[in-house]
Amino acid sequence: MQLQARMQVRPAGPRRAGPAPVRAMAGSRFADVAQAPPDPILGVSEAFKACTDPNKLNLGVGAYRDEQLKPVVLSVVKKAESKIFARNENKEYLTIEGLDGFRKATVDLLLGGDHPAIKEGRVAVVQSLSGTGSLRVGAAFIARFMKGSTVYLSNPTWGNHRNIFGDEGVEWKYYRYFDADTVGLDFKGMVEDLKAAPPGSVVVLHGCAHNPTGIDPTKEQWASIADLCKERDLMPFFDVAYQGFATGDLDKDAFAPRLFVEKGLEIMVSQSYSKNLGLYGERVGALVMVLNDKEAATRCLSQLKRLARALYSNPPTHGARIAAEVVNDKELFEEWKGEMRGMAGRIERVRGELQRALEKKYPSKDWSFITKQIGMFSFTGLTPVQVDNMTNKHAIFMTRDGRISLAGLNSAKVEYLADAIVDSVRNH
Amino acid sequence: MLPECDSPNARLAVLARQLCAGGTDGSTWEHVQQAPPDPIIGVNDSYRADTDPRKLNLGVGAYRTEEGKPYVLRAVREAEAALAADPAANKEYLPIAGLPEFNRLSRELALGPGHAAIRDGRVATVQALSGTGALRVGAEFLAQHLPPGQPRVVYVPNPTWGNHKTIFGKAGMQVREYRYFDAKTRGLDFAGMCADIGAAPPGAVLLLHACAHNPTGVDPSPDQWRQLLALTQEKRLLPFFDSAYQGFASGDLDADAASVRLFASAPGPQEMVLAQSFAKNMGLYGERAGALSVVCRSKDVAGRVESQLKLVIRPMYSNPPMHGAAIAARVMADPRLNALWKEELAGMANRIKAMRQALYGQLVARQLPGDWSFVLKQIGMFSYTGLSKAQCEALTRKWHIHLTMDGRISMAGLSAASCPYLAEAIADVVATGGSA
């Protein structure tokens, strides 16, 4: 029965379990509900907030901070909001598939405005709740229309990927990705694992700025992966959360999904505007399917809508209006590109400073991975024990997989961070 | 040749794909069928496509002014302006459970600020994507966390909002119906309702519309609510309230919360689940402002329940959208905006009541056979006309009146000017049975 199958696939491990609860007041039907552990990523910010150490540093969640370590609302977002507000628009329900102006803009950004797939009506797109919501709609689609398919996730990957597919009852497995020895991509392992995947499997690929490692395939490697997907009939599902944020260039950062489409592959893509437009809490994103058949695309859209209707009915208006305004306005669009270059540039700069500081303090170790990795995150290779030292001794908050968010670092804190890393690596 | 597959299912899936994917131009998704249009939202689409100047949209439940225009509340506009001017505002992620201030105010709105359950800290509340999102998170939570021995079954009224069945079904719960609408009286089949609820297994979930039942507009009386509470407790059912019209039904926020408060105040203390939407009563439709509350027997249980609700939310959308909740929180918290809101809410409810009066008057003036007083007795945005599918189709085809085929009309889509036209159309399809 459907419910039984879902419950079997649901992971029984640490995510759900907790310490045995004290018997609650007699008769609560929820008496046996266990305390869930805090979210491994979002829980870090909560712990940071609670910490009273004046030296504390939050390198946990991937939200951009300026040089003063303050959150940033992009100038183009403020301008767009003023325009929208002045127009006195209503608050009516969007259609299930979302704001048309946004849907068009997001596909244009992903593929390039005059792409044949768009002209030929072969693209299905639904606005959704940022990256997570888009992935969830995609996972629900896979659960329904690719029954029995396994989803392959990079090892490591963003933790929530596992839960998103798991909650839809979709089985997932890892493909090798991070090579701890080279602190780079285990391309050989990746290819081997994908070759061994049954045809019809789904492969989740990070479009750029891999989370958590910051390690992306080269252009040549992307081409090989695309060919492999074609050959082995694997369905690529791109998670595009950093377009424009990785290199500062929207087109460069879209290289991988565009290449796959060029090679004739059908792809699914989840897009997020949390980071590149700084719209985090507005939850702006899209689930895109690029197919090679127009009628199939139409039918898929109808099914995506059905799945969205049962999750949230229709997506939130405000963030999508902002995004559409920025992308569709020539001046705002140019200004936006400048702001993205600024954010990417600041991250690149602090990466360099951190690397140089570490090289000074601990010259026998190779720290070059810090500037080789791209995007918001660096996979430091720190072990959980070392991470605990970072937090407990130095009040530096990061996720236990060793990931740090460079977006949360500024020049003033580079020395402090470098000292803490060296201490943790040397002494633990 | 079939590649290695783990299981017969996987093998079948591969075979299906190979059979369907015709050659290099075949789509992986060839086998995906066109989904039927959503019955409610599909009405909007057909209305938009209709070019007749007399057309009326009596489909989806969004409030319209007398001029047929959408209405953004002044209280909402002012709250938005205040947010835009706030130098401390940013776009950072909300916590998984949403805006804490919004959650606190939402449960206080539903239960009353001094309610014992709130004082005791026994209510776990999470911000949700309006009513739909609250229902889905609640359904998923229950499917996973009801005691293992208890059935994953939810009882919903017949009829109910179509999406209820879909949502609970997606969460893996079995959906059963209890009798509700009496077609003969166009009122409540209370005996049937109690009989069916009485036959539910212990621990089953009981979905109740807090007020202004959708689609019928038929609500139990206060005395009937008391009887339903007694039955719920006797059968040890878990009440799950869908509250989408608080303040919108009678015009009075407290009056419309009577059923919810009755149950929440019952001895036990009574546990229950509550899905709240601010789509209609604050006109926040597209901003998706809502909340899910679980009233628990103890504070300790509520804490653990909240932690598990977060585990449901994180893989669904990580954290909720900020804008609508920030507006709603400000409107509820600011005394002046709160008062303005209540005024506008009463205004909307009164206009709908006026439309009911007007339509009833027009139907009576045309001396339509039958008792049309249900138009006055039914509550809230919707009226269940009892018209057949054929009659509804005729209303659309011949009169360009767009409605759902179950005979539900949205009173909010009417005006003093259009009531006579609607009455004329109803008279026609009643006379012809929809065959003309």
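Computation of the quantities below employed the complete heavy-atom set of this structure, encompassing side-chain atoms and omitting hydrogens, waters and symmetry-equivalent molecules. Chain identifiers are assigned alphabetically (A, B, ...) following the order of the sequence lines, protein sequences preceding nucleic acid strands; residue numbering begins at 1 within each chain.
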Side-chain donor-acceptor pair under 3.5 Å between [X] and [Y], yes or no?
{"X": "A/S134", "Y": "A/S270", "result": "no"}
{"X": "B/N319", "Y": "A/R283", "result": "yes"}
{"X": "A/T150", "Y": "A/S201", "result": "no"}
{"X": "A/T298", "Y": "B/Q34", "result": "no"}
{"X": "A/N88", "Y": "B/R77", "result": "yes"}

Based on non-hydrogen pairs under 4.5 Å, which of [options] is most in contact with chain A?
{"options": "B/L129, B/L284, B/N163", "value": "B/N163"}
{"options": "B/K69, B/K91, B/E306", "value": "B/K91"}
{"options": "B/R236, B/E80, B/K299", "value": "B/E80"}
{"options": "B/Y63, B/Y71, B/Y93", "value": "B/Y93"}
{"options": "B/P320, B/C296, B/P95", "value": "B/P320"}

What part of [X] gets closer than 4.5 Å to chain A, counting heavy atoms only: side chain, backbone, both or neither?
{"X": "B/V76", "value": "side chain"}
{"X": "B/L142", "value": "side chain"}
{"X": "B/L99", "value": "neither"}
{"X": "B/L135", "value": "neither"}
{"X": "B/V72", "value": "side chain"}
{"X": "B/A139", "value": "neither"}
{"X": "B/P148", "value": "neither"}

A/E92 portion near chain B, given a 4.5 angstrom heavy-atom threshold: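 Contact with chain B involves both backbone and side-chain atoms of A/E92.
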In terms of heavy-atom pairs under 4.5 Å with chain B, which of [options] leads?
{"options": "A/E89, A/K78, A/K70, A/R122", "value": "A/E89"}
{"options": "A/A310, A/G278, A/G133", "value": "A/A310"}
{"options": "A/L94, A/L311, A/L279, A/N90", "value": "A/L311"}
{"options": "A/R306, A/R309, A/E81", "value": "A/R309"}
{"options": "A/N160, A/V72, A/I164", "value": "A/N160"}
{"options": "A/L301, A/N314, A/L291, A/L129", "value": "A/N314"}

Shortest non-hydrogen separation from [X] to [Y] and the atoms involved:
{"X": "A/R65", "Y": "B/E92", "result": "NH2-OE1, 2.8 Å"}
{"X": "B/V312", "Y": "B/E140", "result": "CG1-CB, 3.7 Å"}
{"X": "B/S298", "Y": "B/V301", "result": "OG-N, 3.1 Å"}

Beyond-backbone contact of B/E287 with B/M282, side-chain heavy atoms, under 4.5 angstrom: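 They are not in contact (no side-chain heavy atoms under 4.5 Å apart), so the answer is no.
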With B/P151 via side chain to side chain contact (heavy atoms under 4.5 Å, CB included) - residues at least two apart: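 Per chain and number, B/P151 pairs via side chain to side chain contact (heavy atoms under 4.5 Å, CB included) with B/V153, B/P201.
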Pairing residues for B/A279 by the side chain to side chain contact (heavy atoms under 4.5 Å, CB included) criterion, not counting sequence neighbours: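 Partners of B/A279 by the side chain to side chain contact (heavy atoms under 4.5 Å, CB included) criterion, ordered by chain and then number, come out as A/Y93, B/S130, B/S277, B/Y285.
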